[in-house]
Undergrad: 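Pasting in a structure now, in structure tokens, and then I'll have a few things to ask.
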Amino acid sequence: MIIQKFGGIAMRDSCTRKACIRHIRRAIRENGKVVIVVSAMGRAGDPYSTDSLLSISGALGISPHAQDVAAGCGELLASAIMSAELEKEGIENELIYGSRSGILTEGPFGSADLKMELDPFYRIWGERNVAVVPGFQGTGLDGRIRTTGRGGSDLTAVVLGDMLGAELVEFFKDVPGVLETDPAVNPDAKKFESLTYAELLPLLGTERPVIQKKAALYAAKASVPLHIRNFADELPGTFVSG
Ligand SMILES: Nc1ncnc2c1ncn2[C@@H]1O[C@H](COP(=O)(O)OP(=O)(O)O)[C@@H](O)[C@H]1O
Ligand SMILES: N[C@@H](CC(=O)OP(=O)(O)O)C(=O)O
């Protein structure tokens with residue numbers, strides 16, 4: 001069983017999602033069961049990205065609950081689109097979301113903690129090999145949507161990988177892997193083929209790190225093996241383990 005997390009750039013449009021579906025087909029062939037975690041589609045300026053949803057009204061800034069509901073729509077929509085496009089390609093899958101998903105978020109709006117109840121996953125495995133999950137969010141015991149903080153789909157993927165005992169958690173990004181520095185700052189930065197968690201963590205101090213720091217800390221603590229790679233090709237990226 002493998003977790004595959006597709007970030008905002010990988011999910012941006014039907015063309016980039018076709019590349020994602022190629023990775024999903026390969027994972028079904030090689031790993032059997034696949035849990036797909038998706039982020040909201042695109043970046044600021046793209047209509048359904050997290051930043052665009054949050055900019056619809058300045059009033060969202062004064063209501064943390066309303067802000068989390070608005071932000072959560074991005075991942076919900078992305079999961080619906082991915083599920084439908086997989087179905088169209090003949091890949092049967094189950095959408096796992098909302099209060100029936102067992103994906104529980106508790107604590108403050110905007111930076112909630114994530115917990116999982118796995119029954120919904122075990123229930124589908126008898127019939128389907130592929131689950132599609134919106135990242136970044138869950139539902140509290142009070143029925144309210146809470147998000148886990150920016151970059152939080154990475155955390156959803158890592159926590160699911162830990163709880164479901166996945167062989168690997170793959171992250172599909174717009175970079176070939178973890179580089180010595182952010183390529184937006186230094187285009188000549190070299191890629192690491194592999195890193196330990198201890199080597200990865202100091203590289204995550206920037207405003208937009210290659211993987212969410214909270215997710216990397218969780219992976220280190222629970223020894224969840226990671227593979228950070230480019231959605232647009234088949235090349236190996238950076239493997240991260242103990
Ligand atoms: N050391 C690094 N190596 C690679 N990318 C990095 C690094 N530090 C920061 N980044 C940035 O991380 C971005 C990928 O992370 P992110 O945008 O959160 O991915 P996604 O939304 O696809 O999950 C890259 O576009 C890159 O600019
Ligand atoms: N969409 C959320 C959650 C997330 O993890 O996104 P991405 O995988 O595109 O970084 C955000 O922008 O913070």
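Counting starts at 1 for both ligands and their atoms, following the listed order.
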Undergrad: Can you tell me if S153 contacts ligand 1 (heavy atom of the residue under 4.0 Å from the ligand)?
TA: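 No, S153 has no heavy atoms under 4.0 Å from ligand 1.
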Undergrad: Say whether A184, considering both its backbone and side-chain N or O atoms, lies within less than 3.5 Å of an N or O atom on ligand 1.
TA: no
Undergrad: Does P209 come within less than 4.0 angstrom of ligand 1, counting non-hydrogen atoms of the residue?
TA: yes
Undergrad: Can you tell me if N186 uses its side chain to pair, donor with acceptor, with the backbone of D188 under 3.5 Å?
TA: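 Side chain of N186 to backbone of D188: a pair is present.
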Undergrad: Quick one: look up the protein heavy atom nearest atom 19 (O) of ligand 1 and list residue, atom name and how far away it is.
TA: K173 CD, 3.3 Å
Undergrad: What I want to know is whether G152 and ligand 2 share at least one N or O pair that is separated by under 3.5 angstrom.
TA: yes
Undergrad: Under 3.5 Å, is there a donor-acceptor pair between the E75 and Q137 side chains?
TA: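 Not at all, the side chains of E75 and Q137 share no donor-acceptor pair under 3.5 Å.
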Undergrad: Among all protein heavy atoms, pick the one closest to atom 3 (N) of ligand 1 and tell me residue, atom and distance.
TA: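 For atom 3 (N) of ligand 1, the nearest protein heavy atom comes out as L179 N, 2.9 Å.
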Undergrad: Could you establish whether K5 and ligand 2 come within less than 4.0 Å of each other, counting only heavy atoms on the residue side?
TA: yes
Undergrad: For ligand 2, is there an N or O atom under 3.5 Å from any N or O atom of F136?
TA: no
Undergrad: Are the side chain of T16 and the backbone N or O of A10 linked by a donor-acceptor pair below 3.5 Å?
TA: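 Yes.
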Undergrad: Answer with yes or no whether the side chains of S49 and S52 bring together a donor and an acceptor at under 3.5 Å.
TA: yes
Undergrad: First locate atom NZ of K88, then atom OG of S83, and finally report the distance between them rounded to the nearest 0.5 Å.
TA: 13.5 Å
Undergrad: Going by distance only, is there an N or O of K5 that falls short of 3.5 Å from an N or O of ligand 1?
TA: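 N/O-N/O distance below 3.5 Å exists for this pair.
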Undergrad: Mind checking whether R208 has an N or O less than 3.5 Å away from an N or O of ligand 2?
TA: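 Indeed, backbone or side chain, R208 has an N or O that close.
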Undergrad: Flag the pair E89 and R25 as a salt bridge only when some basic side-chain nitrogen lies within less than 4.0 angstrom of an acidic carboxylate oxygen.
TA: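 Salt bridge between E89 and R25, a charged N being under 4.0 Å from a carboxylate O: yes.
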Undergrad: Yes or no: does V175 have any heavy atom under 4.0 Å from an atom of ligand 1?
TA: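 Contact present.
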Undergrad: Give a yes/no on ligand 1: does S39 have at least one heavy atom closer than 4.0 angstrom to it?
TA: no
Undergrad: For A10, state whether at least one heavy atom is located under 4.0 Å from any atom of ligand 1.
TA: no
Undergrad: Under 4.0 Å from a heavy atom of R150: give me the atoms of ligand 2 that qualify, with their elements.
TA: 11 (C), 12 (O), 13 (O)
Undergrad: Can R43 and D51 be counted as an ion pair, charged N to O under 4.0 angstrom?
TA: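 No, R43 and D51 are not salt-bridged.
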Undergrad: Which one holds for Q212 and ligand 2: side chain close, backbone close, both close, or neither close, with close meaning a heavy atom under 4.0 Å?
TA: neither
Undergrad: With atoms numbered from 1 as shown, which atoms in ligand 2 lie under 4.0 angstrom from a non-hydrogen atom of T50?
TA: 1 (N), 2 (C), 11 (C), 12 (O)
Undergrad: Using atom types as modelled and distance alone, determine if a side-chain donor or acceptor of Q67 lies under 3.5 Å from a backbone N or O of L54.
TA: no
Undergrad: Which residue and atom name correspond to the protein heavy atom nearest atom 26 (C) of ligand 1, and how close is it?
TA: D182 OD1, 3.3 Å
Undergrad: To the nearest 0.1 Å, how far is atom 25 (O) of ligand 1 from its closest protein heavy atom, and which atom is that?
TA: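 Here the closest protein heavy atom is D174 OD1, 2.8 Å.
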Undergrad: So is D154 polar-close to ligand 1, meaning N/O to N/O under 3.5 Å?
TA: no
Undergrad: Under a 4.0 Å heavy-atom limit, does R43 contact ligand 2 with its side chain, its backbone, both, or neither?
TA: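 For R43, only side-chain atoms sit under 4.0 Å from ligand 2.
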Undergrad: Select one of side chain, backbone, both or neither to describe which atoms of T181 lie under 4.0 Å from any atom of ligand 1, heavy atoms only.
TA: backbone
Undergrad: Less than 4.0 Å is my threshold; does some heavy atom of R43 fall inside it relative to ligand 1?
TA: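 So R43 counts as touching ligand 1.
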Undergrad: Donor-acceptor pair, distance only, cut-off 3.5 Å: does the side chain of T105 make one with the backbone of R146?
TA: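 At least one qualifying donor-acceptor pair exists.
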Undergrad: Could you check atom 4 (C) of ligand 1 against the protein and tell me its nearest heavy-atom contact, residue, atom and distance included?
TA: G177 O, 3.4 Å
Undergrad: Tell me which part of S153 gets within contact of ligand 2: side chain, backbone, both or neither, using heavy atoms under 4.0 Å.
TA: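 For S153, the contact with ligand 2 is made by both the backbone and the side chain.
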Undergrad: Do G151 and ligand 2 have an N or O pair less than 3.5 Å apart?
TA: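 There is such a contact, yes.
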Undergrad: Touching ligand 1 at all, Q212? Heavy atoms, strictly under 4.0 Å?
TA: no
Undergrad: May I ask you to decide if F231's main-chain N or O and K173's side chain share a donor-acceptor pair within less than 3.5 Å?
TA: no
